[in-house]
Amino acid sequence: MLTDLHATVADWYTAHARDLPWRRPGTTPWGVLVSEVMSQQTPVARVAPAWEAWMGRWPEPADLAAAAPADVLRAWDRLGYPRRALRLRECAEQLVARFDGAVPRTEEELLSLPGVGAYTAAAVVSFAHGGRALVLDTNVRRVLGRVVAGRALPPPGLTAGERVGAADLLPADAATSVRWNEGVMELGALVCTARAPRCTACPLVERCRWRRAGAPPATHARRRQAWHGTDRQARGRVMARLRELPDGRTLGTEELLAPLREGAADVAQPDRALASLLADGLVTEPSPGRWTLPG
DNA sequence: TAGACGTGGCG
DNA sequence: TCGCCAAGTCT
């Protein structure tokens, strides 16, 4: 029965949930939103200390909205995808301007905020407000894909079939749905992992269709993410240099790009990286040929 | 919708 | 060692 499945996962979560800082009593909806944005494509272990420092410095949306982008980018440090930091700050500005400094409760309103997509909107409704929402992240997709569909790994793109299947499993009661969302996500993060699933520790082994079929390997090839020698790597090196720069100081173009010249995929790559960072608002050129983080 | 977008740790 | 992968979003 579905009720039995929900209870099994909820009980497992109660016994095994990690003590993540944003799960502690007293965490505000803003704190939950910050944790969700930081956790987009970044391992939770690296997010936890950054989140504590961040919330200590900018405890309310209004605090972050008033911060200088340079400070925000330095505080983001090496969480990766620094555009998220800028979007989070813009999000804080909109919370102040449009929602009286509060985090909205509906998915539609949340989706209208920068840096908030389908997953994050659902997660905030569920984990920050206790509402009923379909949380479908990579963990949930993998767990349901294995248990229900018998697939080793979910397809590259979220399919309509997955959405319908997950929606059928979502408890009707709000409080129960929150426990289900938390539980399935945590199960995917700790037990039903992508590489070496710990099936012997899984509360769902008996009813896992993938496991019962002998845990067959993935069929489709995973899309490999290019990295070495890419523009993305070059952008990361530029940002790393600028983060180290003392406040108010600038770097000349050659001084900034020299470390990238050697080993660049092509001669234009360093300049291309810098230009794209400028276009993204991640760097500024306060005077011709001088560079720094956006004030 | 496929591709761009950081960073580091683990198997 | 090195490819895979991590609570996605945006265009």
Side-chain angles (χ1 to χ4, degrees), chain A residues 13 17-18 20-23 31-51 73 76-88 90-91 110-128 133-144 152-160 166 178 181-190 192-198 217-218 220-243 265 269 272-273 275-277 279-282:
Chain A
Y13 181 77
R18 290 167 291 180
L20 299 175
W22 49 87
R23 285 179 179 166
V32 172
L33 174 54
V34 171
S35 79
E36 294 301 340
V37 172
M38 285 186 169
S39 299
Q40 291 166 3
Q41 298 286 282
T42 299
V44 163
R46 233 187 304 163
V47 168
W51 182 86
L73 289 168
W76 194 258
D77 195 34
R78 290 169 308 196
L79 288 179
Y81 295 134
R83 291 187 297 186
R84 286 184 297 162
L86 251 30
R87 291 199 193 106
L88 184 55
E90 291 165 15
C91 175
L110 287 160
L111 280 170
S112 74
L113 297 165
V116 177
Y119 161 76
T120 302
V124 169
V125 168
S126 184
F127 306 143
L134 185 62
V135 175
L136 256 186
D137 77 324
T138 187
N139 289 304
V140 175
R141 294 182 61 210
R142 187 175 54 249
V143 172
L144 298 187
L153 294 172
L158 180 61
T159 66
V178 173
N181 286 331
E182 290 176 324
V184 177
M185 270 186 75
E186 193 76 342
L187 195 56
L190 299 182
C192 193
T193 54
R195 240 170 313 176
R198 302 166 50 220
H220 64 272
R222 303 288 283 174
R223 188 184 70 201
R224 62 180 282 256
Q225 46 184 353
W227 171 245
H228 188 71
T230 59
D231 285 14
R232 189 146 53 116
Q233 181 184 38
R235 284 167 56 105
R237 294 179 68 185
V238 170
M239 289 303 291
R241 290 268 278 149
L242 293 179
R243 276 197 307 269
Q269 186 176 56
R272 191 166 61 237
S276 71
L277 289 171
D280 286 345
L282 286 163

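Just the heavy atoms: all of them, side chains too, but no hydrogens, waters or symmetry mates, feed the values below. Within every chain, numbering begins at 1; the chains are lettered A, B, ... in the order of the sequence lines, protein sequences first and strands thereafter.
- A:Leu158 places its CG atom 13 Å from the P atom of B:dA2, with the value rounded to the nearest Å.
- A straight line from CG of A:Asp137 to P of C:dA6 spans 9 Å, rounded to a whole angstrom.
- Within the 4.0 Å cut-off from OP1 or OP2 of B:dA4, not a single side-chain nitrogen or oxygen of A:Arg235 is found.
- Atom-to-atom, CZ of A:Arg18 to P of C:dA7 comes out at 8 Å; the value is rounded to the nearest Å.
- With hydrogens and angles disregarded, no donor-acceptor distance shorter than 3.5 Å links the side chain of A:Thr193 to the backbone of A:Ala189.
- Taking the side-chain contact (heavy atoms from CB on, under 4.5 Å) definition, one finds that A:Arg198 meets it with A:Val191, A:Ala201, sequence neighbours left out.
- The distance from atom CZ of A:Arg232 to atom P of B:dG6 is 7 Å, rounded to the nearest whole Å.
- Remark: side-chain polar atoms of A:Asp280 are not paired, donor with acceptor, to backbone N or O of A:Leu282 under 3.5 angstrom.
- The side chain to side chain donor-acceptor pair (under 3.5 Å) check on A:Arg84 picks up A:Thr42, with sequence neighbours excluded.
- In this structure, the CG atom of A:Leu20 is 14 Å from the C1' atom of C:dA6, given to the nearest Å.
- A:Arg141 has its CZ atom 14 Å from the C1' atom of C:dA6, to the nearest Å.
- The side chain to side chain donor-acceptor pair (under 3.5 Å) check on A:Thr120 picks up A:Gln40, with sequence neighbours excluded.
- Using a 4.0 Å heavy-atom criterion, one finds that A:Trp76 contacts no nucleic acid atom at all.
- Rounded to whole angstrom, the span from the OH atom of A:Tyr81 across to the P atom of C:dC5 amounts to 14 Å.
- Side-chain atoms of A:Ala194 lie closest to C:dC5 of the nucleotides B:dT7, B:dG6, C:dC5.
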Are there any protein N/O atoms within less than 3.5 Å of an N/O atom in nucleotides 9-11 of chain C, and if so, which ones and at what distance?
residue: C:dT9; atom: OP1; partner: A:Gly117; partner atom: N; Å: 2.8
residue: C:dT9; atom: OP1; partner: A:Gly117; partner atom: O; Å: 3.4
residue: C:dT9; atom: OP1; partner: A:Thr120; partner atom: N; Å: 3.0
residue: C:dT9; atom: OP1; partner: A:Thr120; partner atom: OG1; Å: 2.5
residue: C:dT9; atom: OP2; partner: A:Ala118; partner atom: N; Å: 3.4
residue: C:dT9; atom: OP2; partner: A:Tyr119; partner atom: N; Å: 3.2
residue: C:dC10; atom: OP1; partner: A:Gly115; partner atom: N; Å: 2.7

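- Distance from the side chain of A:Arg23 is smallest for C:dA7 among the nucleotides B:dT7, B:dC5, C:dA7.
- Rounded to whole Å, the P atom of B:dA2 lies 22 Å from the corresponding atom of C:dA7.
- Residue contacts for A:Arg243: at a heavy-atom cut-off of 4.0 Å it reaches the sugar-phosphate backbone alone, with no base atom in range.
- For a distance-only test at 3.5 Å, the side chain of A:Thr138 fails to qualify as a donor-acceptor partner of the base of C:dG8.
- Every residue two or more places apart in sequence or in another chain was checked for a side-chain contact (heavy atoms from CB on, under 4.5 Å) with A:Ala118, and none qualifies.
- Looking at residues two or more places apart in sequence or on another chain, you find no side-chain contact (heavy atoms from CB on, under 4.5 Å) involving A:Pro49.
- Contacts of A:Ala17 classified as side-chain contact (heavy atoms from CB on, under 4.5 Å), with partners at least two apart in sequence or in another chain: A:Tyr13, A:Arg23, A:Glu186.
- The same atom, P, is picked in B:dG8 and in C:dT9; the two are 22 Å apart, to the nearest Å.
- When the salt bridge (charged side-chain N to carboxylate O under 4.0 Å, His left out) test is applied to A:Glu182, the partners found at least two apart in sequence or on another chain are A:Arg179.
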Between the protein and nucleotides 9-11 of chain B, which nitrogen or oxygen pairs are less than 3.5 angstrom apart?
residue: B:dG9; atom: N2; partner: A:Arg195; partner atom: NH2; Å: 3.4

